[in-house]
Amino acid sequence: MAVEPLTDQEIQGRLEQLPGWSFADDRLLRTYVFKGHPQAAGLVAEIATIQEELDHHSDLTLGYNKVAVTVNTHSVGGKVTALDFELAGRIEEIAPQHGARAD
């Protein structure tokens, strides 16, 4: 089955299940804040593993104690799809283990 872009209404409905995530410029977005750099870097490493498992990759920005995640599906013209929500959900599951809190 081909991956299809979600409508704005579908995106908004799914965002209700992902507190802290937002939608702007055809991307899902979230920033996590940590006690320090090792915790932030640890989350990035674990996200990278999940992305390889899903064969779906986000843009990650690592700062001293922050990780910004932006994701959309390049193969459908940079729009948001169910794959993006799957990745975001997986990230939400692991972020607390690294001491993440929303920015």
Side-chain angles (χ1 to χ4, degrees):
M1 183 169 94
V3 177
E4 297 291 330
L6 299 173
T7 66
D8 287 348
Q9 185 176 10
E10 290 170 320
I11 291 167
Q12 293 306 319
R14 289 177 183 228
L15 279 173
E16 292 175 10
Q17 305 303 311
L18 288 173
W21 285 82
S22 61
F23 173 69
D25 299 323
D26 289 326
R27 292 174 171 79
L28 298 181
L29 314 150
R30 176 135 192 204
T31 298
Y32 296 97
V33 180
F34 301 86
K35 180 178 178 182
H37 189 68
Q39 296 84 0
L43 180 65
V44 168
E46 197 164 349
I47 290 171
T49 299
I50 292 168
Q51 291 176 146
E52 287 299 304
E53 289 172 10
L54 295 176
D55 192 26
H56 188 62
H57 302 83
S58 65
D59 292 324
L60 302 170
T61 303
L62 172 62
Y64 167 71
N65 69 335
K66 292 182 180 182
V67 175
V69 182
T70 61
V71 62
N72 62 15
T73 303
H74 302 287
S75 63
V76 295
K79 301 294 183 182
V80 172
T81 69
L83 288 172
D84 303 309
F85 278 96
E86 182 176 357
L87 177 56
R90 295 276 303 272
I91 293 169
E92 278 300 296
E93 290 173 4
I94 63 163
Q97 299 166 15
H98 295 272
R101 59 189 190 276
D103 184 20

By side-chain contact (heavy atoms from CB on, under 4.5 Å), Asp8 pairs with (sequence neighbours left out) Ile11, Phe23

Are the side chain of Asn72 and the backbone of Gly78 linked by a donor-acceptor contact shorter than 3.5 Å?
yes

Find the distance between CG (Leu83) and NE2 (His56) and round it off to the nearest 0.5 Å.
5.0 Å

Sub-4.5 Å side-chain heavy-atom contact between Asp84 and Arg27
no

Check whether any side-chain heavy atom of Phe85 sits under 4.5 Å from a side-chain heavy atom of Leu15, and report yes or no.
yes

Should Val80 and Leu29 be counted in the same cluster of Ile, Leu, Val, Met, Phe, Trp and Tyr side chains packed under 4.5 Å apart?
no

The reported gap from CG in Asp26 to OG1 in Thr70 (rounded to nearest 0.5 angstrom) is 12.0 Å

Backbone N/O of Val33 and side chain of Asn65: donor-acceptor pair under 3.5 Å:
no

For Trp21 and Glu92, which heavy atoms make the closest approach, and how far apart are they?
NE1-OE2, 2.9 Å

Distance (rounded to the nearest 0.5 Å) between Thr61 OG1 and Lys66 NZ:
11.5 Å

Which atom pairs, donor and acceptor, lie under 3.5 Å between side-chain atoms of residues 40-53 and protein residues at least two apart or in another chain?
| from | atom 1 | to | atom 2 | distance (Å) |
| --- | --- | --- | --- | --- |
| Glu46 | OE1 | His98 | NE2 | 2.6 |
| Thr49 | OG1 | Ala45 | O | 3.3 |
| Gln51 | OE1 | Ser58 | N | 2.6 |
| Gln51 | OE1 | Ser58 | OG | 2.5 |
| Glu52 | OE2 | His57 | NE2 | 2.8 |
| Glu53 | OE1 | Arg90 | NH2 | 2.7 |

Under 4.5 Å between side-chain heavy atoms, counting indirect links through other Ile/Leu/Val/Met/Phe/Trp/Tyr residues: same cluster for Leu28 and Ile94 or not?
yes

Taking C-beta and beyond as the side chain, do His37 and Leu62 meet within less than 4.5 Å on heavy atoms?
yes

Heavy atoms of Lys79 and Pro5 approach each other most closely as CB-CB, 3.7 Å

